[in-house]
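Read the numbers this way: they start at 1 and go in the same order the structure lists the ligands and their atoms. Residues take their numbers from the sequence shown, with the count starting at 1. Computed from a prediction, not measured in an experiment: that's the story for all the values here.
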Amino acid sequence: DKGNHRHFMEKEIHEQPEVTGQTLAHYLDFANGGYKELDSAIDFKNIDRLYISACGTAYLAGQIAKYWFERYARLPVDSDVASEFRYREMPLDKRSAALFVSQSGETADTLASLRYCKGAGLAIGSIVNVRESTIARESDGIYPTLAGPEIGVASTKAFTCQLSIFASLVVRAALERGTVSAEEGAQLVRSLSEVPRLIKEALKLEGEIAELGRELSEVNHVLYLGRDTSYPLAMEGALKLKEISYIHAEGYAAGELKHGPIALIDKQMPVVVIAPFDKIYEKTASNMQEVAARGGRIILITDEKGAAHTSLDGIKTIIMPNMSEFVTPIVYALPIQMLAYHTAVAMGTDVDQPRNLAKSVTVE
Ligand code: F6R
């Protein structure tokens, strides 16, 4: 039932304050600023490496988690798309564990990666939205996303719930490994407790984003740029746009711009830049300058400080609420989802059932 929404995707976008709140509350103890001592298939304290493998949007959640685990828990992460992971014939570190991410829990390549790691004797955890799925069954333990059924083929609420679990596990891993103090851990938990409210605020930007979506519906190519955790998010923005609007889009690390993609920039090519005002903002701002100097049209997704630091002609700015750097990839998922959604709506495509795509990919 779509309720009063035009599409399941729109409904699922709007459910995100609630479902991320439920997911975070399942794993974290907000009152005491720590994590809940739930059974964990993975003993984060006693491993030297974590393998993460998944497909599509779930893979991009894993890419964001890699930055988090390495930065806060000092735990090296190897993250790869499952269709590569399963055939890479890599040696697996004995003091490691593997974590698989899948909304459906049935994705063939992800399941094959799981079996590869299981064969090597690693502890297997999985982040799944469907508890009665094959991937869930074959794991030593699961970390369920409490997103509820996701009907729209393009993943939205499952993604932000996957990120919510990853963030919770990062807090747990960092505290168990002693790489953050109890005080710093409590600060991370506090910033996560703000996520549902911040998502609600981001949803208020829908009107202006819909207008940008109407503009994007006229173009043939869009480039998305970001650094740090905004880099996988740029790829997620491009993936979402191509899936439902059929507009060609690419996500790039902003620092790679001058190593190739800058050749594409002209007045016809909008560039979506995801850049909260963080320690790396100035670097992304100089990439933006390079785009502007070549006549590129920029849509900048940032916060008040980021907006105040740019004065480029013709730039369109989406101003997000202020938040801790840790949680930006979860909350900044909202504007990129809404941008893809409204572009597709303006084009009149079948948003919930895009051509050639299936919700669950059980063949490789
Ligand atoms: C993107 C999308 C796909 C899935 C991918 C993995 O919007 O829906 O890229 O993320 O097919 O599916 P699951 O998570 O079911 O393994």
- prompt: Any N or O of Ser102 that comes nearer than 3.5 Å to an N or O of ligand 1?
  reply: yes
- line: Value for CD1 (Ile42) from CD (Glu176), rounded to nearest 0.5 Å, stands at 11.0 Å
field: Of the listed options Ala158, Gly152, Gly56, closest to atom 9 (O) of ligand 1 (non-hydrogen atoms)
entry: Gly56
field: Arg88 side chain reached by Tyr116 side chain, heavy atoms, under 4.5 Å
entry: no
message: Tell me the protein heavy atom at minimum distance from atom 11 (O) of ligand 1, and give that distance in Å.
response: Val361 CG2, 4.2 Å
Neighbour count above 12 (heavy atom, 6.0 Å) for Glu18 CD: no
- line: closest protein heavy atom to atom 15 (O) of ligand 1 is Ser104 OG, 2.7 Å
message: Would you say the ring centers of Phe326 and Tyr72 fall short of 6.0 Å from each other?
response: yes
task: For the residue pair Phe69 and Phe166, establish whether any side-chain heavy-atom pair is separated by less than 4.5 Å.
output: yes
For atom 16 (O) of ligand 1, closest protein heavy-atom neighbour: Thr107 OG1, 2.4 Å
message: Does the residue Ser360 have a heavy-atom contact with ligand 1, meaning some pair of atoms that are separated by less than 4.0 Å?
response: no
- request: Would you mind running through ligand 1 and noting each atom that sits below 4.0 Å from a heavy atom of Lys240?
  value: 1 (C), 7 (O)
message: Does Lys118 have more than 12 heavy atoms from other residues, nucleotides or ligands lying within 6.0 Å of its NZ?
response: yes
query: For Glu304, does the CD atom sit with more than 12 other heavy atoms under 6.0 Å from it, leaving out its own atoms?
result: no
message: For Lys242, I'd like to know if atom NZ has over 12 heavy atoms of other residues, nucleotides or ligands within 6.0 Å.
response: yes
message: Among all the protein's non-hydrogen atoms, which is closest to atom 14 (O) of ligand 1, and how far away is it?
response: Gln103 N, 2.7 Å
field: From His7, Glu15, His14, residue fulfilling side chain to side chain donor-acceptor pair (under 3.5 Å) relative to Lys11
entry: Glu15
- request: Drop me the distance from Leu198's CG to Tyr332's OH, to the nearest 0.5 angstrom.
  value: 10.0 Å
- request: Distance to 0.1 Å, residue and atom name: give those for the protein heavy atom nearest to atom 4 (C) of ligand 1.
  value: Thr57 N, 4.1 Å
- prompt: Should you measure from each heavy atom of Ala58, which atoms of ligand 1 turn up under 4.0 Å away?
  reply: 10 (O), 14 (O)
message: Tell me whether Gln162 has any N or O atom under 3.5 angstrom from an N or O of ligand 1.
response: no
query: Using a heavy-atom cut-off of under 4.0 Å, does the side chain or the backbone of Glu106 touch ligand 1, or both, or neither?
result: neither
query: Quick one: does Thr110 get an N or O within less than 3.5 Å of an N or O on ligand 1?
result: no
- request: For residues Glu150 and Phe159, determine if any side-chain heavy atom of one lies less than 4.5 Å from a side-chain heavy atom of the other.
  value: no
task: State the atoms of ligand 1, each with its element, that fall below the 4.0 Å cut-off from a heavy-atom position in Ala154.
output: 7 (O)
field: Nearest neighbour in protein (non-hydrogen) for atom 6 (C) of ligand 1
entry: Cys55 O, 3.3 Å
query: Against heavy atoms of Glu243, which atoms of ligand 1 measure under 4.0 Å?
result: 1 (C), 2 (C), 7 (O), 8 (O)
query: Does Val153 reach ligand 1, in the sense of a heavy atom lying below 4.0 Å from it?
result: yes
